[in-house]
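Not measured: the values here are computed from a predicted model.
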Amino acid sequence: CVGKDPTACYLRTSLPQDAVRRSKKAQERGMGPREMLDRAEVENKWNLTPMKNFRSPRLTQRIWRTALVVLITSIIYEYVFDGRNPCFALIGAVYGVGSQFEEGFHNGINRFIGTMVGGILVIPFYSLYMNPPFGIPDWVWLVVGLSLVLWCNLALGADSAIQPGTVVYFVVMFTVGKERVVPYTIARIFDTGIGVLVALLLTILLPTRCDRKKGLSLMNFWLEIKEAFCSYRNKNQDMRRKEEENFGTSGKWRKNPKDN
């Protein structure tokens with residue numbers, strides 16, 4: 001059956017011999033494997049298809065927590081911010097939801113740092129790209145700005161924020177009009193931060209089972225933020241070490257305190 005239609009393989013290996021003979025005759029009449037299976041008189045025939053292993057996922061905490069965060073953020077933007085477009089706040093809110101506070105913080109701060117770095121740097125380089133000075137081609141300014149986005153994320157120790165930073169950089173560079181660059185970029189940074197903050201506050205007020213075991217509450221909110229930020233920094237340092245091993249660079253990073 002290697003390289004052949006999987007349904008035909010199931011029919012050949014799983015059906016009784018008389019059904020196989022009927023299927024061969026049907027195939028001679030020009031019927032495909034799916035049509036043959038539809039017409040086959042076999043009990044529980046659909047258990048013979050690859051879909052037999054499909055299981056619908058349960059309604060997990062991540063689903064209802066994400067839905068609740070999106071609902072709260074939408075209400076805030078509708079009534080507190082007077083109908084302001086909540087698009088980027090909702091994206092930030094989804095990023096800020098995790099299986100525990102630390103995971104949500106990592107994903108949320110990653111999104112925020114990347115958005116902030118890419119958004120701030122795209123403002124001057126948008127002008128340089130659209131009106132290149134000194135006779136330098138526009139694509140040179142594009143690449144220089146991109147390189148600076150990467151460098152700033154690395155300098156901040158936020159290696160994993162490179163992707164969201166470059167997304168914002170290119171989106172603003174190629175899809176936003178000249179008169180909207182500054183207000184759009186500032187709004188995107190602000191809204192992303194609001195969404196992430198709402199998600200983290202909800203996790204504090206409704207902690208997961210893992211967070212309850214750690215004693216997460218409003219009383220130790222800032223302590224949890226500090227610990228989550230330290231683990232975020234250590235995680236990025238681990239990524240940097242693996243990158244240096246892969247690329248064969250000679251940079252040296254201090255050991256992760258957890259390794260001692």
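- Tyr232 and Phe229 have tilted rings, their planes meeting at an angle from 30° to 60° on a 0 to 90° scale.
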Check the pair Leu200 / Ile204 against side-chain contact (heavy atoms from CB on, under 4.5 Å), numbers first and verdict last.
CA-CA 6 Å; Leu200 295 179; Ile204 292 290; 5.6 Å; no
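- Side chain of Tyr77 to main chain of Ala89: no donor-acceptor pair is present (N/O by atom type, distance under 3.5 Å, no hydrogens or angles).
- Contact of the Val182 side chain with the Tyr126 side chain is not registered, since no non-hydrogen atoms from C-beta on lie closer than 4.5 Å.
- Using a cutoff of 4.0 Å between basic side-chain nitrogens and carboxylate oxygens, Lys235 and Glu102 are not scored as salt-bridged.
- Checking side-chain atoms of Asp211 against main-chain N and O of Thr203 turns up no donor-acceptor pair under 3.5 Å.
- In this structure the side chain of Glu103 never reaches within 4.5 angstrom of the side chain of Thr208, judged on heavy atoms.
- Annotation: the span from Arg188 atom CZ to Thr185 atom OG1 amounts to 8.5 Å, rounded to 0.5 Å.
- Residue Phe174 qualifies as enclosed at atom CZ: its count of foreign heavy atoms under 6.0 Å is above 12.
- Distance check: Asn110 CG to Phe105 CZ gives 10.5 Å after rounding to the nearest 0.5 Å.
- Panel note: side chain Asp138, backbone Met130; no donor-acceptor pair is recorded below 3.5 Å.
- We find the CD-OG1 distance between Gln61 and Thr66 to be 10.5 Å, quoted to the nearest 0.5 Å.
- The distance from the CD1 atom of Ile75 to the CG atom of Leu71 is 4.0 Å, given to the nearest 0.5 Å.
- Results of the ring pair (Phe, Tyr, Trp, His ring centres under 6.0 Å) test with Phe88 over Tyr184, Phe190, Phe112 single out Tyr184 as the only residue that passes.
- The hydrophobic cluster containing Leu205 does not contain Leu223, counting ILVMFWY residues as joined when their side-chain heavy atoms lie under 4.5 angstrom apart, directly or transitively.
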Go through the steps for Lys214 and Glu227 under the test salt bridge (charged side-chain N to carboxylate O under 4.0 Å, His left out), then give the verdict.
CA-CA 12 Å; Lys214 294 180 178 179; Glu227 292 180 356; over 6 Å; no
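- Between Arg233 and Cys230, the closest side-chain pair of non-hydrogen atoms falls below 4.5 Å.
- Distance alone, capped at 3.5 Å, places no donor-acceptor pair between the Tyr169 side chain and the Val117 backbone.
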Would Ser160 and Met239 count as a side-chain contact (heavy atoms from CB on, under 4.5 Å) if you check the C-alpha gap in whole Å, the side-chain angles of each, and the deciding distance to 0.1 Å?
CA-CA 8 Å; Ser160 53; Met239 290 179 58; 4.0 Å; yes
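- Side chain of Asn220 to main chain of Ser217: a donor-acceptor pair is present (N/O by atom type, distance under 3.5 Å, no hydrogens or angles).
- Residues Leu121 and Leu156 share a single hydrophobic cluster, defined by chaining ILVMFWY side chains whose heavy atoms lie under 4.5 Å apart.
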Please test Ile91 against Thr192 for side-chain contact (heavy atoms from CB on, under 4.5 Å), starting from the C-alpha separation and ending with a verdict.
CA-CA 7 Å; Ile91 294 174; Thr192 300; over 6 Å; no
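- Between Gly114 and Asn153 the shortest heavy-atom distance is CA-OD1, 4.3 Å.
- A heavy-atom distance below 4.5 Å is found between the side chains of Leu90 and Ser74.
- Arg62 and Ser99 get closest at one heavy-atom pair: NH2-N, 3.4 Å.
- Nearest heavy-atom pair across Ala187 and Arg84 is CB-NH2, 3.3 Å.
- Residues Leu128 and Pro133 are in side-chain contact: their nearest non-hydrogen atoms beyond the backbone lie under 4.5 Å apart.
- Linking Ile, Leu, Val, Met, Phe, Trp and Tyr residues whenever their side-chain heavy atoms come within less than 4.5 Å leaves Val143 and Trp151 in two separate clusters.
- For Asn236 (side chain) and Asp159 (main-chain N/O), a donor-acceptor pair under 3.5 Å exists by modelled atom type.
- Checked by atom type and distance alone, the side chain of Tyr95 never pairs as donor or acceptor with a backbone atom of Val196 at under 3.5 Å.
- Residues Pro132 and Pro137 come closest through the heavy atom pair CB-C, 4.4 Å.
- No path of Ile, Leu, Val, Met, Phe, Trp and Tyr side chains, each step under 4.5 Å between heavy atoms, connects Phe81 with Val70, placing them in separate hydrophobic clusters.
- Residue Thr166 comes nearest to Leu146 through the heavy atom pair CG2-CD1, 3.5 Å, listed as atom of the first residue, atom of the second, then distance.
- With values rounded to the nearest 0.5 angstrom, Leu148 atom CG is found 11.0 Å from Ile120 atom CD1.
- For the pair Leu206/Leu68, a side-chain contact is recorded, criterion being any heavy-atom separation below 4.5 Å from C-beta on.
- A continuous path of Ile, Leu, Val, Met, Phe, Trp and Tyr side chains, each step under 4.5 Å between heavy atoms, connects Leu142 with Val149, placing both in one hydrophobic cluster.
- Judged by distance alone, the side chain of Arg65 and the main-chain N or O of Leu202 form no donor-acceptor pair under 3.5 Å.
- Of all heavy-atom pairs between Ala93 and Ala199, the closest is O-CB, 3.4 Å.
- Side chain of Arg111 to backbone of Val94: no donor-acceptor contact under 3.5 angstrom is found.
- Classification of the Trp141-Phe125 ring pair by plane angle, with boundaries at 30° and 60°, yields tilted.
- Using modelled atom types, one side-chain atom of Ser231 and one backbone atom of Ala228 make a donor-acceptor pair closer than 3.5 Å.
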Check the pair Leu154, Arg240 against side-chain contact (heavy atoms from CB on, under 4.5 Å), reporting the backbone distance first and the verdict last.
CA-CA 9 Å; Leu154 294 173; Arg240 187 81 61 89; 3.9 Å; yes
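- Here the CE-CD1 distance, from Met173 to Ile123, works out to 11.0 Å after rounding to the nearest 0.5 Å.
- Counting only heavy atoms from C-beta outward, the side chains of Thr175 and Phe170 never approach each other to under 4.5 Å.
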